[in-house]
S.K.: 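Got a structure here, written out as structure tokens. Questions coming.
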Amino acid sequence: MDTERHALIEEYPAEPRPSRPLMIVVSAPSGAGKSTLCNRLVAEFPAIAYSVSCTTRAPRGEERDGVDYYFLTKKEFRERIRQGEFLEYAKVHGNFYGTLEDTVLFAMESGRHVLLDIDVQGARQLRESLARLEPRHPIRRGFMDIFIEPPSLQELERRLRGRGTDEEKVIRRRLENAQVEMEAAKDYRFRLVNDEIEQAYRELKAIVLDAMGLG
Ligand code: ADP
Ligand code: 5GP
């Protein structure tokens, strides 16, 4: 563990917990059940809002622009990179994804906790940039990260196929990436295994409620 990250962890319990909006970063290999768990959390706790990301991938199923993602062309995405609008961005499974700084700050300034569903590269970038922010910056004060693991790679494959939203080629790519993503789990402060869904949800809720000062 590097020193800067350690410093962030050490200062965390000393904060006046209930008064600060959280920036909850959640990552998982695709298919681990992150959306299932996070959707449930957001539905149960209106004080937690999803940060809507930008992506260059095509909408899937019922996904809507401005709700699930801001769907951008590659040109539009590049322009936002050029303007320095992203808090973080990364190429994931062949498409670009990124979090706009304005989106996160707007939610936090309105007093809501913000939940970021981002990949391991994005989480790494965030940790690096946090260490450069003022200690009292809302993003630095509110940061917490959670990694959701599948019980096994075999089960991950079963879930990806069972979801029925991705082509075979996309599934293969996501499974290959999963092995690399799992290696990043050790960098997250909180980790949970999504084996049995109710148990996993209880664990996720306990982690977040504790950070909200409601545990
Ligand atoms: P992610 O957002 O991590 O890509 P999803 O939430 O879409 O994953 O879940 C992938 C599939 O696995 C979905 O069909 C979902 O219903 C299913 N799933 C999620 N959690 C569990 C679980 N604990 N046990 C069995 N199936 C699950
Ligand atoms: P999906 O295509 O299944 O919606 O998402 C694929 C992956 O992209 C997931 O691991 C998800 O966490 C990640 N992702 C979604 N939005 C962002 C983002 O804004 N930044 C980064 N770095 N990853 C994201």
Side-chain angles (χ1 to χ4, degrees), residues 23-43 49-72 77 80-81 85-104 107 114-129 139 145-167 169-171 173-182 184-185 187-188 191-204:
M23 182 168 93
I24 310 162
V25 169
V26 184
S27 306
S30 186
K34 181 180 48 178
S35 310
T36 307
L37 289 165
C38 292
N39 288 347
R40 205 163 147 181
L41 191 71
V42 170
Y50 264 119
S51 160
V52 179
S53 296
C54 298
T55 184
T56 59
R57 86 149 160 73
R60 197 160 68 196
E62 306 274 284
E63 286 180 338
R64 282 177 298 151
D65 187 44
V67 177
D68 299 285
Y69 281 106
Y70 297 110
F71 294 99
L72 304 183
F77 201 98
R80 285 175 176 257
I81 296 176
E85 293 180 32
F86 288 113
L87 204 51
E88 61 73 36
Y89 68 91
K91 195 171 189 182
V92 191
H93 315 310
N95 292 298
F96 282 98
Y97 294 80
T99 308
L100 296 172
E101 184 167 358
D102 274 359
T103 304
V104 172
V114 61
L115 195 158
L116 278 72
D117 165 347
I118 64 176
D119 89 309
V120 298
Q121 306 168 75
R124 194 175 305 127
Q125 280 176 46
L126 277 180
R127 285 186 209 106
E128 284 164 10
S129 44
I139 289 182
D145 54 0
I146 307 171
F147 193 88
I148 299 172
E149 295 178 58
S152 65
L153 286 171
Q154 288 80 354
E155 173 62 12
L156 188 72
E157 180 165 2
R158 205 186 61 76
R159 288 184 192 171
L160 275 175
R161 292 192 194 290
R163 185 165 70 182
T165 51
D166 301 297
E167 296 168 20
K169 158 165 126 255
V170 172
I171 291 178
R173 184 168 202 166
R174 288 179 179 228
L175 285 171
E176 279 161 26
N177 289 347
Q179 319 215 12
V180 179
E181 289 164 341
M182 296 284 282
D187 299 332
Y188 288 69
R191 292 160 68 166
L192 61 94
V193 178
N194 177 21
D195 188 354
E196 198 281 306
I197 189 76
E198 294 305 324
Q199 171 64 20
Y201 184 62
R202 270 196 299 278
E203 285 175 31
L204 176 65

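Counting from 1, the numbers follow the sequence of the chain as shown. Order of appearance sets the numbers: ligands from 1, and atoms from 1 within every ligand.
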S.K.: Could you walk me through whether L160 and S30 pass side-chain contact (heavy atoms from CB on, under 4.5 Å), step by step?
M.R.: CA-CA 8 Å; L160 275 175; S30 186; 3.9 Å; yes
S.K.: Pick from Y70, F71, Y97, F96: which one makes a ring-ring contact (aromatic ring centres under 6.0 Å, His included) with F77?
M.R.: F96
S.K.: List, ordered by chain and residue number, the protein residues whose closest non-hydrogen atom lies under 4.0 Å from any atom of ligand 1.
M.R.: P29, S30, G31, A32, G33, K34, S35, T36, R159, R163, N194, D195, I197
S.K.: Can you tell me how far the CG atom of D117 sits from the SG atom of C38, to the nearest 0.5 Å?
M.R.: 6.0 Å
S.K.: Side chain to side chain contact (heavy atoms under 4.5 Å, CB included) with E196: which residues, sequence neighbours excluded?
M.R.: E198, Q199
S.K.: Listed by chain and number, what are the ring pair (Phe, Tyr, Trp, His ring centres under 6.0 Å) partners of Y201, not counting sequence neighbours?
M.R.: none
S.K.: Have N39 and Y50 got a donor and an acceptor in their side chains that come within less than 3.5 Å?
M.R.: yes
S.K.: Could you pull out every protein residue that has a heavy atom closer than 4.0 Å to ligand 2, ordered by chain and then number?
M.R.: K34, S53, R57, R60, Y69, E88, A90, V92, H93, Y97, G98, T99, D117, I118, D119, G122, R174
S.K.: Whether the side chain of S53 engages the backbone of T99 through a donor-acceptor N/O pair (distance < 3.5 Å, no angle test) should be reported.
M.R.: no
S.K.: With I146 as reference, evaluate I24, L115, L37 under the side chain to side chain contact (heavy atoms under 4.5 Å, CB included) test and give the passing residue.
M.R.: I24
S.K.: Would you say the side-chain atoms of T55 and R57 include a donor-acceptor pair closer than 3.5 Å?
M.R.: no
